[in-house]
Asks: 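One structure follows; several queries about it will come next.
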Amino acid sequence: MRNKNELSRMIAVIAAACLSGSAAEAGVVWSDDFTGSTPGNAPQRNFVIPTGNDWSIGGGEGITQTVASVGGSNAYSGLDSNTSVSSSSSVSFARFGAFDTSLPEHSTFTVAFDFRVDSFVASSNVSTFRVTVQDQYNNGANRARAMTVGLGYANIDGVAGNELFLMADARDDALSSASTISPLGSTAIGWNGTSFAPDFNLGQYASGDASSNDTNDEFYRFTLTFTDGSRTVAGTATRLSTGATVDFTRTLAGLETDPGFSFKGGSLAGSAPIDAFQIVLPQSGVGQMYVDNIAMETSVPEPAMLGIFGLSALGLMSRRKRWSGTRPINH
């Protein structure tokens with residue numbers, strides 16, 4: 001290789017071939033940026049089916065789950081003002097028809113979304129605001145595999161620190177009905193055991209001041225990539241206002257003999273397994289959260305491309321309603 005410019009040109013040619021479809025096939029399974037929903041009303045999305053609402057919206061005293069305008073764009077808004085009530089909004093993969101990650105054309109499945117918390121306080125660290133991608137693989141026994149992204153607090157460097165966390169968990173109860181999940185220092189996004197990556201330090205947890213516990217009132221974009229039959233999830237987290245990014249992997253904990261994630265769609269009448277994308281408001285916790293730009297896509301990259309692009313290719317799948325190019329734009 002004579003110089004860096006020649007290397008750059010070669011990489012650009014390979015990337016163009018990949019995006020042209022010769023190296024990979026990709027398809028949107030489901031997406032929602034909430035532009036089709038009305039602020040003040042519950043989320044409403046008709047993607048595959050001609051009628052009805054894709055979203056199932058929970059309720060309860062002190063719970064408000066609607067669409068709100070945030071920075072001039074619509075987003076899911078979840079407000080919890082009651083420490084004894086939990087609730088959730090979910091989209092069942094039964095809406096996705098023939099979607100099945102055991103099929104070669106669907107075997108790699110990426111979920112992307114923007115996540116923001118403006119306030120949060122709880123009686124313990126196990127009640128958190130979070131998003132869960134759930135594979136409920138044995139509905140009769142209520143067994144579930146899930147990847148969970150949330151805001152919580154844990155002992156980080158000797159103090160109760162706020163953290164964005166990711167947990168991959170397999171267990172014998174349905175995560176869809178669980179109101180609590182416990183973040184750990186080892187699950188904190190951007191924490192290397194000594195310090196946080198730039199823009200991922202969310203400060204010390206303040207038990208008496210909900211507004212002090214937040215994501216700096218900003219959105220973080222997550223991309224999570226699942227491979228059918230794998231126990232490991234790979235992805236990225238990016239603070240949209242600055243572009244600061246960290247990569248991560250998580251491997252399923254619990255039920256160690258479990259073969260790994262496998263997602264399916266189904267009939268509209270409902271069929272097991274009940275796989276779902278869920279936004280959860282916790283019991284014994286109060287606060288305000290937002291979620292936006294949800295995108296679920298499948299791709300089948302050629303093996304040679306995997307070694308070249310790795311996680312960097314995930315950015316191509318994101319819905320960048322608020323963030324374009326390399327220049328940070330405030331949300």
Asks: Does Phe113 form a side-chain contact (heavy atoms from CB on, under 4.5 Å) with Val131? I'd like the steps, not just the answer.
Replies: CA-CA 9 Å; Phe113 57 91; Val131 171; 3.8 Å; yes
Asks: Distance-only, no hydrogens or angles: does the Asn74 side chain make a donor-acceptor pair with backbone N or O of Ser37 under 3.5 Å?
Replies: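 Yes, the answer is positive, given that a donor and an acceptor are paired below the 3.5 Å cut-off.
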Asks: Counting C-beta onward and ignoring hydrogens, is there a side-chain heavy-atom pair between Leu151 and Thr128 closer than 4.5 Å?
Replies: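 No, too far: nothing below the 4.5 Å cut-off.
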Asks: Do Glu297 and Val29 have side chains that get closer than 4.5 Å, going by heavy atoms?
Replies: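 No; the side chains remain at least 4.5 Å from each other.
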Asks: Work out which heavy atom in Thr187 is nearest to a heavy atom in Glu163; give both atom names and the distance.
Replies: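 Looking at all heavy atoms of both residues, the closest pair is OG1-OE2, 3.3 Å.
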Asks: Measuring from Ser241:OG to Asn216:CG, what's the distance to the nearest 0.5 Å?
Replies: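 One gets 8.0 Å once the value is rounded to the nearest 0.5 Å.
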Asks: My understanding is that only one of Asp135, Thr227, Asp228 makes a side-chain hydrogen bond (donor to acceptor under 3.5 Å, both in side chains) with Ser262; could you say which?
Replies: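 In the set Asp135, Thr227, Asp228, the residue that makes a side-chain hydrogen bond (donor to acceptor under 3.5 Å, both in side chains) with Ser262 is Asp228.
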Asks: Compare all side-chain heavy atoms of Arg231 with those of Phe261 and state whether any distance is below 4.5 angstrom.
Replies: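 No, side chains not in contact.
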Asks: What distance do Phe196 atom CZ and Asp157 atom CG have between them, rounded to the nearest 0.5 Å?
Replies: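 Nearest 0.5 Å value for the CZ-CG distance: 9.0 Å.
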Asks: Not counting sequence neighbours, which residues clear ring pair (Phe, Tyr, Trp, His ring centres under 6.0 Å) with Phe109? List them please.
Replies: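 Expected list: Phe93, Phe99, Phe263.
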Asks: So, Thr236 and Thr245: side-chain donor and acceptor under 3.5 Å apart, yes or no?
Replies: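 Thr236 vs Thr245: no donor-acceptor pair found between side chains.
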Asks: What do the steps show when you test Ser102 against Lys264 for side-chain contact (heavy atoms from CB on, under 4.5 Å), and what is the final call?
Replies: CA-CA 8 Å; Ser102 68; Lys264 298 181 186 297; 3.7 Å; yes
Asks: Examine the side chains of Gln44 and Asn53 and answer whether a donor and an acceptor come within less than 3.5 Å of each other.
Replies: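 Indeed, the side chains of Gln44 and Asn53 share at least one donor-acceptor pair under 3.5 Å.
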Asks: Going through the distances and angles, do Glu218 and Arg239 end up as a salt bridge (charged side-chain N to carboxylate O under 4.0 Å, His left out)?
Replies: CA-CA 8 Å; Glu218 295 188 25; Arg239 181 169 171 174; 2.8 Å; yes
Asks: Over all heavy atoms of both residues, which pair between Ile57 and Ala42 is shortest? Give the atoms and the distance, please.
Replies: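 For Ile57 versus Ala42, the nearest heavy atoms are CG1-CB, 4.1 Å.
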Asks: Between the main-chain N or O of Asp100 and the side-chain N or O of His106, is there a donor-acceptor pair closer than 3.5 Å?
Replies: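 Present.
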Asks: Under 3.5 Å, is there a donor-acceptor pair between the Asn201 and Trp191 side chains?
Replies: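 Not at all, the side chains of Asn201 and Trp191 share no donor-acceptor pair under 3.5 Å.
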Asks: Step by step, would you call Tyr220 with Thr238 a side-chain contact (heavy atoms from CB on, under 4.5 Å)?
Replies: CA-CA 5 Å; Tyr220 284 75; Thr238 301; over 6 Å; no
Asks: Run through Thr132, Asp54, Val111 and flag the one making a side-chain contact (heavy atoms from CB on, under 4.5 Å) with Phe277.
Replies: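 One option only clears the test, and that one is Val111.
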Asks: Does some side-chain heavy atom of Ile294 sit less than 4.5 Å from a side-chain heavy atom of Trp30?
Replies: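 Sidechains of Ile294 and Trp30: in contact.
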Asks: Are Thr148 and Asp169 packed together at the side-chain level, in the sense that at least one heavy-atom pair is separated by less than 4.5 angstrom?
Replies: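 Answer no - side chains too far apart.
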Asks: To the nearest 0.5 Å, tell me how far Ser212 OG sits from Tyr205 OH.
Replies: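 So the gap between those two atoms works out to 10.5 Å.
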Asks: Examine distances only and state if a side-chain atom of Arg116 and a backbone atom of Asp217 form a donor-acceptor pair shorter than 3.5 Å.
Replies: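 It does hold such a pair.
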Asks: Without swapping roles, check the side chain of Ser56 against the backbone of Ser90 for a donor-acceptor pair under 3.5 Å.
Replies: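 Side chain of Ser56 to backbone of Ser90, a donor-acceptor pair under 3.5 Å: no, none is there.
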Asks: Look at the side chain of Ser92 and the backbone N and O of Ala94, then say whether any donor-acceptor pair between them is shorter than 3.5 Å.
Replies: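 Yes; judged by distance alone, with no hydrogens or angles, the pair exists.
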Asks: Could you check if a side-chain atom of Val286 sits within less than 4.5 angstrom of a side-chain atom of Asn82, using non-hydrogen atoms only?
Replies: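 Not in contact.
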Asks: Is there a donor-acceptor pair closer than 3.5 Å between any side-chain N or O of Arg130 and the backbone N or O of Val149?
Replies: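 It does not hold such a pair.
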Asks: Between atom CG of Leu252 and atom CE of Met167, what is the distance when rounded to the nearest 0.5 Å?
Replies: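 These two atoms lie 11.0 Å from each other.
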Asks: Taking Arg250 for the side chain and Gly235 for the main chain, is one N or O donor matched with an acceptor at less than 3.5 Å?
Replies: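 Judged by distance alone, no pair lies under 3.5 Å.
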Asks: Rounded to the nearest 0.5 Å, what's the gap from CE on Met296 to CZ on Phe96? Could you check?
Replies: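 Result: 4.5 Å between the selected atoms.
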Asks: Taking atom types as modelled and ignoring hydrogens, do the side chains of Gln288 and Ser77 form a donor-acceptor contact shorter than 3.5 angstrom?
Replies: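 There is such a pair between these side chains.
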Asks: For Ala237 versus Phe248, what's the shortest heavy-atom pair and its separation?
Replies: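 Heavy-atom minimum between the residues: N-CE2, 3.6 Å.
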Asks: Closest heavy-atom contact between Pro282 and Ser86?
Replies: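 So the minimum-distance heavy-atom pair works out to C-CB, 3.7 Å.
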Asks: Report the residues that fulfil side-chain contact (heavy atoms from CB on, under 4.5 Å) with Ile63, sequence neighbours left out, ordered by chain and then residue number.
Replies: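 Result, side-chain contact (heavy atoms from CB on, under 4.5 Å) vs Ile63: Gln65, Asp80, Val85, Ser87, Leu281.
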Asks: For Asp114, is there any backbone N or O sitting under 3.5 Å from a side-chain donor or acceptor partner on Asp292?
Replies: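 No; judged by distance alone, with no hydrogens or angles, the pair does not exist.
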Asks: Between atom CG of Leu224 and atom OG1 of Thr110, what is the distance when rounded to the nearest 0.5 Å?
Replies: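 Between Leu224 CG and Thr110 OG1, I get 8.5 Å after rounding to 0.5 Å.
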Asks: Do Thr249 and Thr232 have a side chain donor and acceptor closer than 3.5 Å?
Replies: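 Checked: Thr249/Thr232 side chains show no N/O donor-acceptor pair below 3.5 Å.
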Asks: Without hydrogens or angle criteria, can the side chains of Ser127 and Gln283 be said to hold a donor-acceptor pair below 3.5 Å?
Replies: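 Judged by distance alone, the side chains do not pair up.
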Asks: Is there a path of hydrophobic side-chain contacts, each under 4.5 Å between heavy atoms of I/L/V/M/F/W/Y residues, joining Leu79 to Tyr76?
Replies: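 In one cluster: no.
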Asks: Compare all side-chain heavy atoms of Ile279 with those of Phe129 and state whether any distance is below 4.5 angstrom.
Replies: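 No, side chains not in contact.
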Asks: Please answer: with hydrophobic residues joined when any side-chain heavy atoms are less than 4.5 Å apart, are Val246 and Leu184 in the same cluster?
Replies: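 Val246 and Leu184: separate clusters.
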Asks: Quick one, Thr108 with Thr298, criterion side-chain contact (heavy atoms from CB on, under 4.5 Å). Give me CA distance, side-chain angles, the key distance, then yes/no.
Replies: CA-CA 6 Å; Thr108 301; Thr298 60; over 6 Å; no
Asks: Would you confirm whether Asn213, through its side chain, and Ala206, through its main-chain N or O, come within 3.5 Å as a donor-acceptor pair?
Replies: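 Side chain of Asn213 to backbone of Ala206: a pair is present.
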Asks: Would you say Ser73's side chain and Val70's backbone share a donor-acceptor pair under 3.5 angstrom?
Replies: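 No, Ser73 side chain to Val70 backbone: no donor-acceptor pair under 3.5 Å.
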Asks: Measure the acute angle between the ring planes of Phe222 and Phe115, then classify it against the limits of 30° and 60° as parallel, tilted or perpendicular.
Replies: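 Plane angle over 60°, so perpendicular.
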Asks: Ignoring hydrogens, what is the shortest heavy-atom contact between Tyr153 and Ala122? Give both atom names and the distance.
Replies: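 Between these two residues, the closest heavy atoms are OH-O, 4.4 Å.
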Asks: Specify the closest pair of heavy atoms between Ser207 and Val121, including all atoms of both residues, with the distance to one decimal.
Replies: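 Closest approach of Ser207 to Val121, heavy atoms only: O-CG2, 2.9 Å.
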